There are 2 protein chains.
Amino acid sequence: MTFIKSVEKAIDILSCFTLETPVLKVVEISNQTNLTQSTVSRILATLAKKKCLEQVGASGKYRLGIKFYQWASVLRQKKNLSDLARPVMEKLRDFCGEEVTLHGLDENRRICFEAVKSRFGVAKVTPVGKILPLHCGAGGKVLLAFLPPPERRKIIEGKGLEQFTSNTIVDPLLLEKDLEKIRRDGYAVSKGEREEGAYSIVAPIFDQNGKIAASLSISGPIFRLSDLDLAKNAEAVKNAAKEITTNFGECID
Amino acid sequence: MTFIKSVEKAIDILSCFTLETPVLKVVEISNQTNLTQSTVSRILATLAKKKCLEQVGASGKYRLGIKFYQWASVLRQKKNLSDLARPVMEKLRDFCGEEVTLHGLDENRRICFEAVKSRFGVAKVTPVGKILPLHCGAGGKVLLAFLPPPERRKIIEGKGLEQFTSNTIVDPLLLEKDLEKIRRDGYAVSKGEREEGAYSIVAPIFDQNGKIAASLSISGPIFRLSDLDLAKNAEAVKNAAKEITTNFGECID
DNA sequence: AATCTTATTGCACAATATGCATAAACGATT
DNA sequence: AATCGTTTATGCATATTGTGCAATAAGATT
């Protein structure tokens with residue numbers, strides 16, 4: 001298969017626009033993407049011409065343009081996994097009280113694409129659209145664990161495992177061992193691997209072909225989610241994920 | 001300035017994914033874009049690899065992918081014209097009871113990027129993200145009227161003015177005459193030009209440099225918005241648009 | 001005013017996208 | 001189940017197109 005390189009570059013550039021950095025200038029993008037400033041400049045001009053980007057005031061910096069309103073509206077009405085999952089996710093939230101989220105693969109990262117809020121005042125909060133790593137946090141590890149081995153290795157051996165907290169697994173071998181356990185157990189646990197004080201339990205959702213499609217998480221503050229309830233909670237998450245997988249399989253799309 | 005052609009093609013392809021046609025296959029896109037099937041096929045493969053698109057079930061058709069969740073979340077928190085406009089729009093809705101919307105330019109079309117719902121049961125309803133023509137409907141005509149003349153002409157003389165209803169102006173000369181009146185009056189009116197039974201009154205919003213930035217509309221069923229109230233309503237819309245323009249000018253971005 | 005940083009552009013070269021024709025995959029129909 | 005008709009993917013040669021470099025221009029900072 002032959003891929004169009006400049007299109008890939010344009011997407012890499014657009015991917016720099018995140019919740020954390022919604023406004024960017026040429027050099028910043030150039031540094032993040034390892035593309036030369038001339039290339040970035042030209043692609044930005046193209047994206048701006050096509051209204052995917054717009055320039056902010058007089059600063060010359062760029063942010064997402066009006067075209068994305070079109071695409072956001074299409075997403076909103078998209079009948080898909082989210083719709084099938086939502087009722088099950090709400091049942092799970094009512095069972096445990098904690099935040100329930102769905103994460104999907106995006107190259108070597110994951111994106112939260114559906115969330116049901118916690119009942120508690122002190123709670124884990126993950127905005128839909130948030131980008132997260134794959135190698136830490138239970139939601140990422142599950143996606144990684146059930147990926148075909150070659151793809152998995154490429155990601156793990158990519159450009160090093162960034163340390164987010166003291167609990168982040170940064171050794172590829174230890175990580176592989178952990179992923180193997182996750183495949184055996186059918187669920188993953190994270191205690192502050194990505195964010196201090198967070199605890200989450202996560203199970204995989206598969207598509208019709210048995211390929212990993214998403215991960216289903218419950219997450220909350222570590223002081224409320226004790227290991228004593230792990231067996232019970234893990235069972236609940238696994239069953240919910242299985243229910244979604246089944247619904248998903250029966251939906252012809 | 002040199003623009004990257006394959007990036008433009010990719011955006012044209014992505015632009016085919018709309019509220020009306022959220023799922024598409026190669027030939028359909030090829031017909032809509034006038035790109036050969038091989039080109040479309042290769043760009044689609046690239047967009048799918050980068051998770052901008054995903055294939056639906058076994059049909060092989062494509063729809064928007066997970067990457068757009070990232071961008072949609074960035075839009076949602078984007079501090080911009082919408083935020084400045086919303087309070088003014090709500091005031092205007094409370095004044096007239098009808099739907100109030102904001103439309104922006106996207107190449108030779110417009111996109112609704114903000115909407116405040118009508119108070120009435122029988123009402124005009126425009127979803128955010130909806131794509132509409134420029135040459136008909138007051139919201140489009142205002143954007144067109146205040147565009148720099150060369151750009152305006154390019155659009156009007158583009159590929160013909162499509163007839164939406166019996167009231168659509170399809171003669172370029174008549175349209176130019178109408179646009180001139182709109183510039184003189186500072187507002188536009190449409191009686192069922194794009195959609196039978198709709199009536200709207202629209203005024204322009206400008207940016208810091210005096211360039212047209214958006215159009216502010218009130219729209220409702222024609223039986224409720226009578227010409228008798230036009231002067232009063234037009235005044236209200238113009239004042240609201242002026243207020244937004246002023247706020248916008250004072251915001252340093 | 002002078003210096004430093006950042007963004008844009010002209011040009012020549014090399015990389016890369018393209019179209020055509022072909023093959024492969026898929027669906028529909030009998 | 002086999003055939004036909006669509007639709008999609010790919011190999012290859014060619015020419016278009018994107019690219020880096022260096023220079024310039026535009027802004028920011030001191």
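From a predicted model like this one, the values you see are computed outputs, not experimental measurements. All heavy atoms count here, side chains included; hydrogens, waters and symmetry mates do not. Below, chains carry the letters A, B, ... as their sequence lines are ordered, and counting in each starts from 1.
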Bend angle of the helix from C/dA1-D/dT30 to C/dT30-D/dA1 from five-pair axes at both ends, rounded to 10°? 60°
side-chain hydrogen bond (donor to acceptor under 3.5 Å, both in side chains) against A/Glu195, all qualifying residues, sequence neighbours excluded: none
Can you list every pair that meets salt bridge (charged side-chain N to carboxylate O under 4.0 Å, His left out) and has a residue in residues 143-162 of chain A, with sequence neighbours left out? A/Arg152-A/Glu176
May I have all residue pairs that pass salt bridge (charged side-chain N to carboxylate O under 4.0 Å, His left out) and include part of residues 15-24 of chain B, sequence neighbours excluded? B/Glu20-B/Lys130
Given atom CD of A/Glu8 and atom P of C/dA15, what is their separation to the nearest angstrom? 18 Å
For B/Leu47 and D/dT8, what is the distance between atoms CG and P respectively, to the nearest whole Å? 15 Å
Taking ring-ring contact (aromatic ring centres under 6.0 Å, His included) as the definition, give me every residue that meets it alongside A/Phe68, ordered by chain and number, with sequence neighbours left out. A/Trp71, B/Trp71
Expressed in angstrom and rounded to an integer, what is the separation of A/Lys61 atom NZ from D/dA28 atom C1'? 13 Å
So, OP1 or OP2 of D/dA9: does either fall under 4.0 Å of a side-chain N or O from B/Ser41? yes
Residues in side-chain hydrogen bond (donor to acceptor under 3.5 Å, both in side chains) with B/Thr2, at least two apart? none
Does the side chain of B/Thr36 get closer than 4.0 angstrom to OP1 or OP2 of C/dG19 through an N or O atom? yes
Is there any salt bridge (charged side-chain N to carboxylate O under 4.0 Å, His left out) pair reaching into residues 7-16 of chain A, and which pairs are they, with sequence neighbours excluded? A/Glu8-B/Lys49, A/Asp12-B/Lys50
Carboxylate-amine/guanidinium proximity below 4.0 Å for B/Lys51 and A/Glu107: no
Starting at CG of B/Leu53 and ending at P of D/dT8, how long is that distance when rounded to a whole Å? 14 Å
Return the set of residues passing side-chain hydrogen bond (donor to acceptor under 3.5 Å, both in side chains) with A/Thr101 (not counting sequence neighbours), or none when no residue passes. A/His103
Identify, residue by residue, the members of residues 23-31 of chain B with a heavy atom below 4.0 Å from DNA chain C, and return them in order of residue number, or none. none
Under 3.5 Å, N/O pairs linking protein and nucleotides 12-18 of chain D:
| unit_1 | atom_1 | unit_2 | atom_2 | d |
| --- | --- | --- | --- | --- |
| D/dG18 | OP1 | B/Lys5 | N | 2.7 |
| D/dG18 | OP1 | B/Ser6 | N | 3.3 |
| D/dG18 | OP1 | B/Ser6 | OG | 3.4 |

Output side-chain donor-acceptor pairs under 3.5 Å for residues 141-148 of chain A, partner residues at least two apart or in another chain, one line each.
| unit_1 | atom_1 | unit_2 | atom_2 | d |
| --- | --- | --- | --- | --- |
| A/Lys141 | NZ | A/Asp178 | OD2 | 2.7 |
| A/Lys141 | NZ | A/Val189 | O | 3.2 |
| A/Lys141 | NZ | A/Glu193 | OE1 | 3.4 |
| A/Lys141 | NZ | A/Glu193 | OE2 | 2.6 |

Roughly how many Å is it from OH in B/Tyr62 to P in D/dT7, rounded to a whole number? 15 Å
Just how far, in rounded Å, is C1' of D/dT19 from CG of A/Leu44? 16 Å
For B/Gln37 and C/dA24, give me the distance from atom CD to atom P, rounded to whole Å. 18 Å
Which heavy-atom pair separates B/Thr245 from B/Phe206 by the least distance, and what is that distance? OG1-N, 3.1 Å
Set of salt bridge (Lys or Arg N to Asp or Glu O under 4.0 Å) partners for B/Arg109, sequence neighbours left out: B/Asp106
What is the separation between atom CG on B/Asn34 and atom P on C/dT18, rounded to the nearest whole Å? 14 Å
